[in-house]
Every structure is written in C-alpha cells, then in structure tokens.
Amino acid sequence: MITFFVALGALLAGYLWYGRYLSGHFGVDPGKSTPAYTKQDGVDYVPLSWWRVFLIQFLNIAGLGPIFGAVLGAAYGPIAFLWIVLGCIFAGAVHDFYSGMISLRLGGLSIPEVVGKYLGVGFKQFMRGFTVVLMILVGAVFLLGPAGILENLTPGSFPRSFWVIVILCYYVIATLLPINKVIGRVYPIFGAALLFMALGVGIAIIAGGYPVPELTPENWRNMKPNPDLFPAFPLLFITIACGAISGFHATQSPMMARCLKNERQGRSVFYGAMIAEGMVAVIWAAAAMSFFGGVEHLNQTLAEHGNDAAWIVKVITSTTLGTVGGVLAILGVVAAPITSGDTAFRSARLIVSDFLNISQKSILNRLYISIPIFLIAIVITQLDFAVVWRYFGWSNQTLATVVLWTITVYLAIHKKKYWITLLPALFMTAVVTNYILIAPEGFNLPQQWAYPAGITISAICGIIFFLWKRRTGLSIHQKENSDH
C-alpha cells in the first residue's frame, strides 16, 4: 500500500509546490479586474465565491473519467499510478490552469478563440467545429452512461430510455438558465455525494487491508492478459484521460474564468480541481486492483462482465460501504457525468455564440443555438456506446494536445519558460498520433510502423515550433504588447 500513499502524497505536494510555482510563473495579479465584473451579464458572467467555482469546476471535469477510466486503466497494473500522478501534476493540471488563466486574461474567451489567437485563423476555424462536435459527444456519452447506471438501480421499473429523457430535460434547463440559478445551487449537493464516494472507498481500502499492488521493478510492465493487442503506449494514456489530462477540461475552464472574482483564485480552482480529480482516480485505480484480489483477477472479472466499469463500481461500493453507502456512492457516480454533461452542452452554446457573436442575455438567442445541439446529441445516443466512447477518448486527448501547443506558443510570446508545456505537448502528440495509427477505429497499422511514424510526427511538430520561434523572435512579443 506504500505506492497508494506515495501517489496521494505526491499529488498534494504537486499542488503545494508546482501549483504555486505556476501561479508565480503566469504572473497572477490580484489587483486586476476579472471578466465576472467587467462583462457581468447575469447569465454566464456572474461573480461567484471561490468554493462554488471550485466545486463547479471539479464536477465539470470529473465526469466518468477518474472513476471508469481509472478502473479500466487499473487493468494495466500499477503503472497506472505513475501516469495518473505524473500526468496530473505536470500535464493535466498545467493544461487546466493555463487554459483557465489565459481565458481569464482575454475576457473569458472560449477555447477555440484562444487557440485561434495564438495558432492562427485556420486553427481557430478548425477548433470551432472540432470543439463543438466534442462537446456534443461528451454530452451524449454523459447522457447514456448515467442513464444506464440508473436503469440498473431501478430494474424492471424504469428503462434506460426513461432516464435518458429525464436527464436530457435537466440538461436543457441547466444549459439555458443563468449559471447561478441551477448549476451554482445543485453542484454542492452533487459534490458532497462524489466526495463521500471517493473518501469512503479510500478509507475502506485502508481499513479493510486490501492488498494494493506496489509499483516494483517486477510490476513495471503491462499486466493486461494480451499486452500485444492492448499496448500500454498509447492505450493507457487514452484510457485514463480525465484522471491525468483531458482536453474537455479546457472547454470548462473558460466558463469558470467568467465567474472568478480574483485572479489569485485561479490556482485553487483550475490547478486544484485537477489535483482533486487525480486523487479520485488514484483511489479508484487502487480499489479496482485490490478489491478482486489483484490485477490478474481484475482482468478476469472485467472479461466476464464485458469490461463494464459501472458493474465494477457498483460491486465495490455496495460491498465496502454497505447498502446505504453504496446507493449514495452510486449517486455520486451518476452525479459526476451528469454534471459534466450539462456543462458540455453549455460550453457548446457559448462556443457557438462566441463564433457567431450572438448575445446570450436573451433566452430566445440561447434557444436558437441550443435546439440544434440537442437534436444532434439525440441522434448520437442511437449509436453504439462503445464506438462513441472510443472516438470521444481520442478526440478528447487530441484537444488537450492542441491546447498544450497553444499554451506553449503563449508562453514563448511572453518570454516565459515554455518547456513546462512543450514537453507534455510533444508527449501527447506522440500519444494521439500513435493511437489513431494503431487503433482499429483508426488506420489499424502494425506497431512496428506506427511507433516510428508517431514519434516522427511529434518531432516534426517540435521542429516547426522552434523554426517559428526563431523566425518570429522579439517581434511577436512586441505585437502582443501592442494588442494590449
């Protein structure tokens, strides 16, 4: 259990040390006015207390990722702990912090507009469409997932279709109403359920003496029964997304940038929420590896139940926390994706409104944009959930990669240490490229061809960045200063 405690301690240390360093590196200015005040509209730009913004951000980004993703990632063995901790501290939390703070400095701009400002008009146009599609995929995934869990909780009474309609109705309300009317009020309740679930399962692991596998030289390997078909690189880094790094988070950070009262709160809200999510992922990875008697038995159990992570979660919570605790824990698992789904649709509305420059003060304007978004989402729910999830996973990490490159350019323009995002950007470029080359839903190439190609593409991106930096020089910094 040493690895488990070290992982949790490392995440906390990352927040206290690296989070503080990034706050100073960015140049947080407590005296600067935030968009919550300068653009206050009573709908999306609304000043909220830091703890409400933190809970909203935490629940926005949590979703199914740090729970289901960690359970499925645990099948690879203790190497999952390494990716969660290092990925969260040096990639995911950095990605979330800078995407939120840059948006805040730019008046709460949505992420496609931020990308366009630093990577060019072509990237902006691509990202507008790509991000809206991803948000609709997220909404559809987080509509079907919790509906399936609720169907299991009400066997024979309410089918999945009933719960889909109920959740969709909530999504419509949460997307259209001002952020402080629904989201700002119900999230603390959902947050309590989610935190109870994570804390309860974590305590049960410790008190019950469950044998959490250690990250030793012998276990430093892919422990899937067929590692050749499921290579840890890149599949592990796609499977465990929200617990380590997720592009979806960059679409949520601007929403919270529109509600922060002070720049000083950025570290606790953006970096801190990702660290909290990493801790949830560590707890669930440990629970999955230990509850069934080890990684080998976890793989056997997953195979017997069709890789159904929801079933794994239900068994673990009902056993470790009892009937009442298990129900509350499952509700936490249901609340997590629902509170990501509603803000995914809200993000889609805001991205489209920014693109079309349509004021969102009027409820009719919000309806005009939202109705087509929900209609497309309903169509997607008719597709195979497994296929939708795989495409979501790759698209999600691809967005994270683009945002990391955007932040790297931003840091280079402002003459700051850009290596803190350049290295994660290079790594994630290799991950998403190798995935689409290897995956059956991609090009399905042999690994001996895909790996060199993916690494080469990542290297080319790095070379392009340095050529750009050398060509532009100080003129970019001067232009940026003139823009302000």
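This is a predicted model, so every value here is computed, not measured. In this chain, residues are counted from 1 in sequence order.
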With sequence neighbours left out, what residues match A344 under side chain to side chain contact (heavy atoms under 4.5 Å, CB included)?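 M135, V138, F248.
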Rounding to 0.5 Å, atoms CD1 (I351) and CG (L356) come to a distance of 12.0 Å
Name all pairs fulfilling the salt bridge (Lys or Arg N to Asp or Glu O under 4.0 Å) condition that reach into residues 139-154, sequence neighbours left out, sorted by first residue then second. E151-R160
For the side chain of N365 and the backbone of Y368, is there at least one donor-acceptor N/O pair under 3.5 Å apart? no
Sidechain-backbone polar pair: Q57 side chain, M255 backbone, donor-acceptor under 3.5 Å: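 Not at all, since once roles are kept as given, no pair shorter than 3.5 Å links the two residues.
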Take L199 and I283 through the test side chain to side chain contact (heavy atoms under 4.5 Å, CB included) and record every step on the way to the result. CA-CA 8 Å; L199 181 63; I283 290 172; over 6 Å; no
Shortest non-hydrogen contact from I238 to A241? O-CB, 3.7 Å
4.5 Å side-chain heavy-atom contact, M256 and Q252: no
Between I111 and S103, is any pair of side-chain heavy atoms under 4.5 Å apart?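 Side-chain contact under 4.5 Å: no.
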Can you pull the salt bridge (Lys or Arg N to Asp or Glu O under 4.0 Å) pairs that have at least one residue in residues 124-138, sequence neighbours excluded? E113-R128
Partner residues of W311 under the side chain to side chain contact (heavy atoms under 4.5 Å, CB included) criterion, sequence neighbours left out: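 Partners of W311 under the side chain to side chain contact (heavy atoms under 4.5 Å, CB included) test: F292, T301, H305, D308, V315.
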Any donor-acceptor N/O pair, T239 side chain to G69 backbone, under 3.5 Å: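 No.
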Is F427 atom CZ crowded by more than 12 heavy atoms from other residues, nucleotides or ligands, each under 6.0 Å away? yes
Carefully, step by step, assess Q265 and V53 under the rule side chain to side chain contact (heavy atoms under 4.5 Å, CB included). CA-CA 9 Å; Q265 299 167 345; V53 180; 5.7 Å; no
Fit a plane to each ring of Y21 and Y18, take the angle between them on a 0 to 90° scale, and name the class: parallel (under 30°), tilted (30 to 60°) or perpendicular (over 60°).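 Ring orientation, 0 to 90° scale: parallel.
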State, with a plain yes or no, whether a side-chain heavy atom of V172 is found less than 4.5 Å away from one of S370. no
Just by distance, do the side chain of Y45 and the backbone of G107 share a donor-acceptor pair under 3.5 Å?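 Side chain of Y45 to backbone of G107: a pair is present.
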I275 side, atom CD1; F270 side, atom CZ - distance, nearest 0.5 Å: 15.0 Å
Going by salt bridge (Lys or Arg N to Asp or Glu O under 4.0 Å), name the pairs with one or both residues in residues 350-365, residues two or more places apart or in two chains.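 Found R258-D354.
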Rounded to the nearest 0.5 Å, what separates atom OG1 in T429 from atom CG in L404?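 Here the interatomic distance stands at 8.0 Å.
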Contacts under 3.5 angstrom, residues 81-100 side chains, donor-acceptor by atom type, not counting sequence neighbours:
from: W83; atom 1: NE1; to: I240; atom 2: O; distance (Å): 2.9
from: D96; atom 1: OD1; to: H249; atom 2: ND1; distance (Å): 3.4
from: D96; atom 1: OD2; to: H249; atom 2: ND1; distance (Å): 2.9
from: Y98; atom 1: OH; to: H25; atom 2: ND1; distance (Å): 2.4
from: S99; atom 1: OG; to: H95; atom 2: O; distance (Å): 2.9
from: S99; atom 1: OG; to: D96; atom 2: O; distance (Å): 3.0

Tell me which pairs pass ring pair (Phe, Tyr, Trp, His ring centres under 6.0 Å) where either residue lies in residues 344-367, with sequence neighbours left out.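 Non-adjacent pairs meeting ring pair (Phe, Tyr, Trp, His ring centres under 6.0 Å): Y171-F345, F345-F374.
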Taking only residues two or more places apart in sequence, or in another chain, which ones meet T34 in a side-chain hydrogen bond (donor to acceptor under 3.5 Å, both in side chains)? none
Any donor-acceptor N or O pair under 3.5 Å, side chains T408, T421: yes
Step-by-step side chain to side chain contact (heavy atoms under 4.5 Å, CB included) determination, R267 to L22: CA-CA 8 Å; R267 172 180 165 230; L22 292 180; over 6 Å; no
Answer yes if the ring centres of W51 and F54 are under 6.0 angstrom apart, and no otherwise. no
Within a reach of under 6.0 Å around NZ of K417, are more than 12 heavy atoms found that belong to other residues, nucleotides or ligands?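 No, NZ of K417 has 12 or fewer neighbouring heavy atoms, counting only those of other groups under 6.0 Å.
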Going by the angle between their ring planes, with limits at 30° and 60°, are Y418 and F465 parallel, tilted or perpendicular? perpendicular
What closest approach, in Å, do L321 and V201 show between heavy atoms, and which atom pair accounts for it?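 So the minimum-distance heavy-atom pair works out to CD2-N, 4.1 Å.
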Enter the distance from S458:OG to L426:CG here, rounded to the nearest 0.5 Å. 4.5 Å
What is the minimum heavy-atom distance between N434 and G454, and which atoms define it?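 Closest approach of N434 to G454: ND2-CA, 3.6 Å.
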OG of S353 to CD1 of I369, rounded to nearest 0.5 Å, is 5.0 Å
Distance-minimising heavy-atom pair for W468 and A412: CZ3-CB, 3.9 Å
Partner residues of K32 under the side chain to side chain contact (heavy atoms under 4.5 Å, CB included) criterion, sequence neighbours left out: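 Testing K32 for side chain to side chain contact (heavy atoms under 4.5 Å, CB included), a comparison that skips the adjacent residues, returns D29, R105, E263.
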Q397/V431 under side chain to side chain contact (heavy atoms under 4.5 Å, CB included): CA gap, chis, key distance, verdict: CA-CA 8 Å; Q397 298 302 65; V431 167; 5.6 Å; no
Please examine the side chains of F466 and L422, heavy atoms only from C-beta on, and report whether any two atoms are closer than 4.5 Å.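 A side-chain contact under 4.5 Å exists here.
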Can you name the side-chain hydrogen bond (donor to acceptor under 3.5 Å, both in side chains) partners of T401, sequence neighbours left out?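 Once residues adjacent in sequence are excluded, T401 has no partner under the side-chain hydrogen bond (donor to acceptor under 3.5 Å, both in side chains) criterion.
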Taking T131 for the side chain and P112 for the main chain, is one N or O donor matched with an acceptor at less than 3.5 Å?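 The answer is no, because no donor-acceptor pair under 3.5 Å joins these two groups.
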Less than 4.5 Å apart, side chain to side chain, heavy atoms only: is that true for Y410 and K117?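 A side-chain contact under 4.5 Å is absent here.
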Checking the side chain of S110 only, and the main-chain atoms of L350 only, is there a donor and an acceptor separated by less than 3.5 Å? no
Do the non-hydrogen side-chain atoms of I179 and V43 ever get within less than 4.5 Å of each other?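 Side chain of I179 against side chain of V43, heavy atoms only: no contact under 4.5 Å found.
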Please give me the minimum heavy-atom distance between G73 and A80, naming the atom from each residue.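 Taking G73 first and A80 second, the nearest heavy atoms are O-CB, 3.7 Å.
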Using the side-chain hydrogen bond (donor to acceptor under 3.5 Å, both in side chains) criterion, which residues pair with S246? Sequence neighbours excluded. N396
Please check this pair: side chain of R20 against backbone of L16, looking for a donor-acceptor N/O pair closer than 3.5 Å. yes
The side-chain hydrogen bond (donor to acceptor under 3.5 Å, both in side chains) partners of Q360 (sequence neighbours excluded) come to R349
Answer whether the closest heavy-atom distance between the side chains of V280 and F58 falls below 4.5 Å.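 Yes, close enough: below the 4.5 Å cut-off.
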Roughly how far, to the nearest 0.5 Å, is the CH2 atom of W163 from the OG1 atom of T154? 5.5 Å
Return yes if some donor-acceptor pair links the side-chain N/O of W394 with the main-chain N/O of V432 below 3.5 Å, else return no. yes
Quick check against the 3.5 Å criterion: does R346 have a side-chain atom that pairs as donor or acceptor with the backbone of G341?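 Checked: no pair found.
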Taking all heavy atoms of W284 and all of A70, pick out the closest pair and write down the distance.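 In terms of heavy atoms, the two residues are closest at CB-CB, 4.1 Å.
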